[in-house]
Amino acid sequence: MRLTRYFLPVLREVPAEAQITSHKLMLRAGMIKQAVSGIYSWMPLGLKVLQNIEGIVIEEQERAGHLPLLMPTIQPASLWQKSGRYDDYGEEMLRIRDRHNRDLLYGPTNEELITEIFSSHVKSYRDLPLTLFHIQWKFRDEMRPRFGVMRGREFLMKDGYNFDITMDDAIHSYNRHLVSYLKTYERLGLKAIPMRADTGPIGGNYSHEFLVLADTGESEVFFDKRILDFNFGIANVNFDDIGECQKIVDEWTAPYARTDETHDPEAFDRVVPKEFQGVSRAIEVGQIFYFGTKYSKPMGAHVTDSEGKQVPVHMGSHGIGVSRLVGAIIEAFHDDKGIKWPISVAPFKVGIVNTVMGDQETCEVCEKIYSELTTTNFSPLYDDREERAGSKFTTMELIGIPWRITVGPRGLKKGIVELTDRHSGESREIPTDNIVSLIKELT
RNA sequence: CGGGGCGUAGCGCAGCCUGGUAGCGCAACAGUUUUGGGAACUGUAGGUCGUUGGUUCAAAUCCAAUCGCCCCGACCA
């Protein structure tokens, strides 16, 4: 992409509406624009990051054997009246009435809808286990939206639902999700700690939240610091292997890690030696639940078991806050110059800075590198504006491009271009002819 | 929903107390000189001062209502 042809409305000054770092940087980098409190437009750069995250989430879900579908944002009120949540959910639910005076709502979550889909099509235990998920915009009319996309009213969320014939099977589904989430967050570059959680309005009796430590987080968490050394690794997991999944879950949920909702100070002192006791703020980026037959019973989600009896299915639900993750990643990766995207979610992996647009050789070399990287699918961002070098460096750093290639007459005299790592800030000189192959190795 | 703050050009702000020609910086546009860490100069364009009503000869400024945004709390991916 040529910057002169791109839409990147960066701001030199921070709009007064922003308070926390990620929100400020997202506005300054031209990623989002607020439409109204808690509701945002995603500009091209922001959308790229959002879609990169979405892509990783989808890949890891499918790898674990979960099936994508897409449910609508607007749902009939009647379904929620059936489950009993229409009145329970309260003011947070955005209620709508259509021209026929039918009561509708903008979905804050999808348990009712998915259960209805399930019960109208799945009749036999032989069709289980089944896990369906989608990534769709949700709306929760929060009393007080804040922190940009971290607590918006409209937000993009991956939500998944598992259906199993027995509790044991459902626990395996739970474990499978926990493991796939560990892998997902690791690919996003994040250290997300599974913590024992409260089940809240979703209900049920078994739940973990995934939290990313950050000063600006809304939760207070208490944990054994040794869990920070855990690495999931890229190891291939057999998600059908009950024992293997259970082992990983046991390992990751053994250390004390709880949010303020479930924190037990006595147990904390008893189980975790003083020097390993960690207390921090954290951002919640996902949660998984097992809730048994809470929805399947009232919604009539029954299947015929092997003995011919009608039994309600055991269910669980699982969510990842996709749009919130954009903010959470920035909270985890930034410095005073701007964002430092992990390579896996970066909107562009490589930036090319032409330091002197008036210099013919510089332009030729830039064009050559640009076209070679473009044809090999590396999606570089080429800053071809008539700006001074300093301004271009500042922009690349602000928007967080992991690798920057600097091309100018000064280097070309020596036959080199400069390669700068956004994360370490280190630069090295690379012979002009080697830069493209080196980038391929690095990204 | 309780408490507080703020709405003036795309962004950041001053002007309001003490009513009388709407201003500054950045961004934008044109030109010239520049060209490796947010360039300089000259010029240009951009505003029904959130909205409505009131007071007044006269309202960005005073009064009232209303809408919106932000912060602190109680609730939440």
Side-chain angles (χ1 to χ4, degrees), chain A residues 9-20 23-24 27-28 30 33-39 57 89-93 107-110 135-160 181 192 197-202 207 209-212 217-219 259-261 283-289 317-328 337-338 353-359 362-363 383 385-398 404-413 417-418 420 425 427 429:
Chain A
V10 296
L11 302 174
R12 189 185 286 247
E13 274 161 309
V14 193
E17 72 197 51
Q19 191 64 19
I20 63 166
H23 190 194
K24 287 179 184 170
L27 289 167
R28 288 197 54 212
K33 165 97 174 76
Q34 179 168 297
V36 65
S37 179
I39 302 180
V57 171
Y89 222 94
E91 294 285 305
E92 258 193 30
M93 184 190 283
T109 177
N110 286 64
I135 296 181
Q136 176 63 289
W137 293 91
K138 306 290 188 289
F139 193 91
R140 293 183 192 172
D141 200 356
E142 298 276 346
M143 265 181 223
R144 191 180 156 211
R146 62 190 123 164
F147 304 152
V149 301
M150 301 266 278
R151 176 160 299 286
R153 292 192 291 173
E154 186 186 54
F155 58 97
L156 188 62
M157 176 172 153
K158 170 255 155 184
D159 48 322
Y181 276 27
D198 219 17
T199 51
I202 307 255
S207 180
E209 283 180 327
F210 289 78
L211 289 113
V212 174
E218 291 188 87
S219 316
T259 64
D260 46 6
E261 289 163 344
I283 302 165
E284 190 193 328
V285 291
Q287 186 162 12
I288 56 178
F289 299 90
S317 75
H318 341 87
I320 292 181
V322 176
S323 47
R324 172 181 285 184
L325 272 167
V326 179
K337 293 174 178 170
V353 167
N354 181 329
T355 60
V356 187
M357 286 302 291
D359 184 76
T362 303
C363 289
D383 193 342
R385 294 173 303 164
E386 297 283 347
E387 290 282 328
R388 294 163 72 94
S391 159
K392 296 184 177 185
F393 295 150
T394 308
T395 300
M396 286 292 178
E397 282 156 354
L398 172 63
R404 185 184 82 212
I405 301 169
T406 306
V407 184
R410 209 165 75 185
L412 293 180
K413 277 198 192 91
V417 296
E418 203 171 271
T420 308
S427 291
E429 300 189 337

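In the text below, chain A, chain B and the rest are named by the order of the sequence lines, each starting its count at 1.
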Spacing of the P atoms in B/C62 and B/C16 (rounded, Å): 9 Å

Minimum side-chain heavy-atom gap A/E91-A/M143 below 4.5 Å: no

Residue pair A/R140 / A/R153, side-chain heavy-atom distance below 4.5 Å: no

Watson-Crick or G-U wobble mate for [N], both contacts under 3.5 Å:
N     : answer
B/A45 : none
B/C11 : B/G25
B/C1  : B/G73

Are any protein N/O atoms closer than 3.5 Å to N/O atoms in nucleotides 29-34 of chain B? If there are, list each pair with its distance.
residue	atom	partner	partner atom	Å
B/U34	O2	A/R388	NH1	3.0

Is any N or O donor-acceptor pair between the side chain of [X] and the base of [N] shorter than 3.5 Å?
X      : N     : result
A/R404 : B/G37 : yes
A/R410 : B/G37 : no
A/E13  : B/G25 : yes

Residue-phosphate contact under 4.0 Å: A/R12 side-chain N/O, B/C11 OP1/OP2: no

Presence of A/S37 side-chain N/O under 4.0 Å of B/C70 phosphate oxygens OP1/OP2: yes

Sugar-phosphate, base or nothing in reach of A/G90, heavy atoms under 4.0 Å: nothing

Touch class at under 4.0 angstrom, heavy-atom based, for A/T394 against every strand present: base

Of the listed nucleotides B/C69, B/C75, B/C11, the one nearest the side chain of A/E92: B/C75

Candidates B/G38, B/A74, B/U35 - which lies nearest the side chain of A/R28: B/G38

